[in-house]
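Whatever order the structure lists ligands and atoms in, that order sets their numbers, starting from 1.
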Amino acid sequence: MIILGIETSCDETAAAVVRDGTKLISNVVASSAAMHAKYGGIIPEQAAREQVKSIIPVIHEALTTGRRSVATIDAIAVTVGPGLIGSLLVGVETAKTLAFAWNKPIVPVNHLIGHIYGNWIDNPSPPKFPSLVLLVSGGHTELVLMKGHGQFKLLGATRDDAAGECFDKCGRLLGLPYPYGPFVEKLAREAKLPIANSQSQIKLPRPLVNSKDLDFSFSGLKTAFLYEFKRNQHSLSDEFKSALAWELQSAIVDVLTKKLVLAATKYPVKSLIVVGGVAANKKLCEEMTREANKLTIPLFIPPINLCADNAVYIASAAFFNYKPVPWQQIDADPGLDIKRPS
Ligand code: KG4
Ligand code: ZN
């Protein structure tokens with residue numbers, strides 16, 4: 001089955017063609033990040049305006065680079081949420097229009113669940129179930145038990161800010177460019193180790209790291225970072241800034257890793273999955289790999305280009321959770337979530 005995926009939940013406009021949920025045929029992503037970089041963050045109205053302009057060219061490019069005629073497309077998959085309402089509407093209404101005009105089935109996809117399927121692309125040995133999923137993006141930090149395709153149970157989530165949000169706000173404070181997370185990682189790499197012997201002696205908190213539940217909290221870490229930054233505001237050396245970035249990254253990685261390990265001790269699983277934009281972080285990947293090896297549970301993290309938002313995993317998620325809905329019943333849902341069991 002050939003699925004055309006469409007993704008516009010944030011500032012990317014993405015389309016992809018995927019065969020049988022696993023074989024990447026084409027992948028096109030247009031980003032308005034350069035425009036947002038000027039303002040230091042996403043301006044939702046501007047993002048949506050750019051998406052309106054680029055959605056048809058992006059879909060056209062996905063079809064032509066994949067050498068696919070419309071006739072060979074079996075279904076359309078589209079992200080319906082969560083995300084920015086104006087951005088979501090561009091993808092959803094375009095997908096509905098094409099489904100109507102081309103007379104194709106349309107499958108609504110939850111963006112968060114979509115991220116997970118980056119691990120099924122061109123992977124001859126995909127994750128086995130049950131699986132523990134750590135989802136770390138700009139707006140979400142969640143631990144999910146995946147018993148099978150379409151069987152998700154939310155085990156824990158952030159009580160306030162997401163890990164990505166923490167990277168972003170602290171990166172902004174450090175004066176780094178948008179999109180902040182990768183630049184925090186780059187700055188942290190420049191830190192002179194060991195940090196304990198440097199001028200800084202910085203120690204940031206690891207919120208909820210020893211709590212017995214599977215929840216997260218990053219707003220206190222953000223505040224602690226702000227105080228540490230302000231305390232040293234008048235003598236901010238490059239060395240101090242990189243040490244601060246290193247300690248921030250360590251604190252976030254420590255919490256995420258320990259919580260995934262705790263979840264693995266509570267739930268016997270056959271695989272561990274880490275997805276979302278923050279899964280592109282190398283230090284997070286290294287620590288997760290170390291812990292997964294100790295637990296002797298296979299770990300899956302998508303290749304870096306499939307960690308960031310794209311339509312490939314949206315098409316894949318639609319294949320493995322194939323529930324077409326009449327186009328009249330599909331709406332953008334910015335607050336869509338993975339629900340805790342009641
Ligand atoms: O999944 P994603 O691309 O978009 C959302 O659905 O939110 O995640 C974006 C988040 C941002 O907070 C970004 O700073 C973070 O992922 N991110 C990183 C890295 N690359 C992206 N955070 C830390 N290190 C990175 N290398
Ligand atoms: Zn995302």
Side-chain angles (χ1 to χ4, degrees), residues 5-14 16 29-33 36-37 40-42 44 47 79-84 87-88 91 109-119 133-142 144 157-158 161-174 176-190 216 218 221-222 225 245-257 273-288 301-314 316-317 334-338:
I6 298 173
E7 151 68 43
T8 61
S9 64
C10 196
D11 61 334
E12 282 88 6
T13 308
V29 182
S31 168
S32 52
H36 302 302
I42 294 175
T79 300
V80 290
L84 303 169
S87 295
L88 286 169
V109 176
N110 179 327
H111 176 83
L112 303 176
I113 289 170
H115 265 295
I116 300 171
Y117 283 89
N119 289 297
V133 181
L134 174 69
L135 178 86
V136 268
S137 70
H140 292 79
T141 302
E142 300 183 349
V144 178
T158 183
D161 295 328
E165 152 85 11
C166 190
F167 267 115
D168 294 348
K169 288 288 153 40
C170 296
R172 187 176 183 148
L173 198 63
L174 284 170
L176 297 173
Y178 171 89
Y180 307 99
F183 289 101
V184 173
E185 175 174 7
K186 189 162 169 272
L187 185 61
R189 226 177 290 135
E190 289 161 18
F216 302 88
F218 290 103
L221 174 56
K222 244 169 56 177
F225 184 96
W246 186 90
E247 175 63 6
L248 173 75
Q249 180 177 260
S250 301
I252 296 173
V253 168
D254 271 3
V255 174
L256 295 175
T257 311
I273 294 177
V274 181
V275 289
V278 181
N281 185 280
K282 231 169 146 227
K283 163 120 173 151
L284 179 65
C285 298
E286 285 166 8
E287 292 300 318
M288 288 290 180
I301 301 175
I304 198 157
N305 65 317
L306 295 182
C307 285
D309 288 347
N310 65 81
V312 178
Y313 58 58
I314 298 302
S316 175
L336 193 63
D337 218 332
I338 300 173

Given 3.5 Å as the limit, does a donor-acceptor pair link the side chain of [X] with the main chain of [Y], or not?
{"X": "Tyr180", "Y": "Leu173", "value": "no"}
{"X": "Ser32", "Y": "Asp11", "value": "yes"}
{"X": "Ser316", "Y": "Val312", "value": "no"}
{"X": "Asp337", "Y": "Gly335", "value": "no"}
{"X": "Ser87", "Y": "Ser9", "value": "no"}
{"X": "Thr141", "Y": "Ala163", "value": "yes"}
{"X": "Gln249", "Y": "Val184", "value": "no"}

Fit a plane to each ring of His36 and Tyr178, take the angle between them on a 0 to 90° scale, and name the class: parallel (under 30°), tilted (30 to 60°) or perpendicular (over 60°).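 Plane angle over 60°, so perpendicular.
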Quick one: sort the Phe218 and Phe216 rings into parallel, tilted or perpendicular, breaks at 30° and 60°.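 The arrangement is parallel - the two ring planes meet at less than 30°.
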Regarding [atom]: of the candidates [options], which has the closest heavy atom?
{"atom": "atom 12 (O) of ligand 1", "options": "Asn281, Ile304, Asp168, Asp309", "answer": "Asp168"}
{"atom": "atom 21 (C) of ligand 1", "options": "Gly181, Gly114, Gly277, Gly139", "answer": "Gly277"}
{"atom": "atom 1 (O) of ligand 1", "options": "His115, Glu165, Glu7", "answer": "His115"}

Measuring from non-hydrogen atoms of Pro179 to any atom of ligand 1, is the shortest distance under 4.0 Å?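 Per 4.0 Å heavy-atom rule, Pro179 does not contact ligand 1.
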Which atoms of ligand 1 have any heavy atom of [X] under 4.0 Å away?
{"X": "Glu185", "result": "24 (N), 25 (C), 26 (N)"}
{"X": "His111", "result": "6 (O)"}
{"X": "Gly164", "result": "12 (O)"}

Considering both backbone and side-chain atoms of Gly138, is one of its nitrogen or oxygen atoms within less than 3.5 Å of a nitrogen or oxygen in ligand 1?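 Yes - when backbone and side-chain N and O of Gly138 are compared with those of ligand 1, one distance drops under 3.5 Å.
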Atoms of protein origin (N, O or S) under 2.8 Å from the Zn ion (ligand 2):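 Listed by chain and number: His111 NE2, His115 NE2, Asp309 OD1.
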Heavy-atom nearest neighbour in the protein, as seen from atom 15 (C) of ligand 1, with distance rounded to 0.1 Å: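 In this structure, atom 15 (C) of ligand 1 has Val278 CG2, 3.9 Å as its nearest protein heavy atom.
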Shortest non-hydrogen contact from Val253 toward Asn281: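 Heavy atoms only, the tightest pair is CG2-OD1, 4.3 Å.
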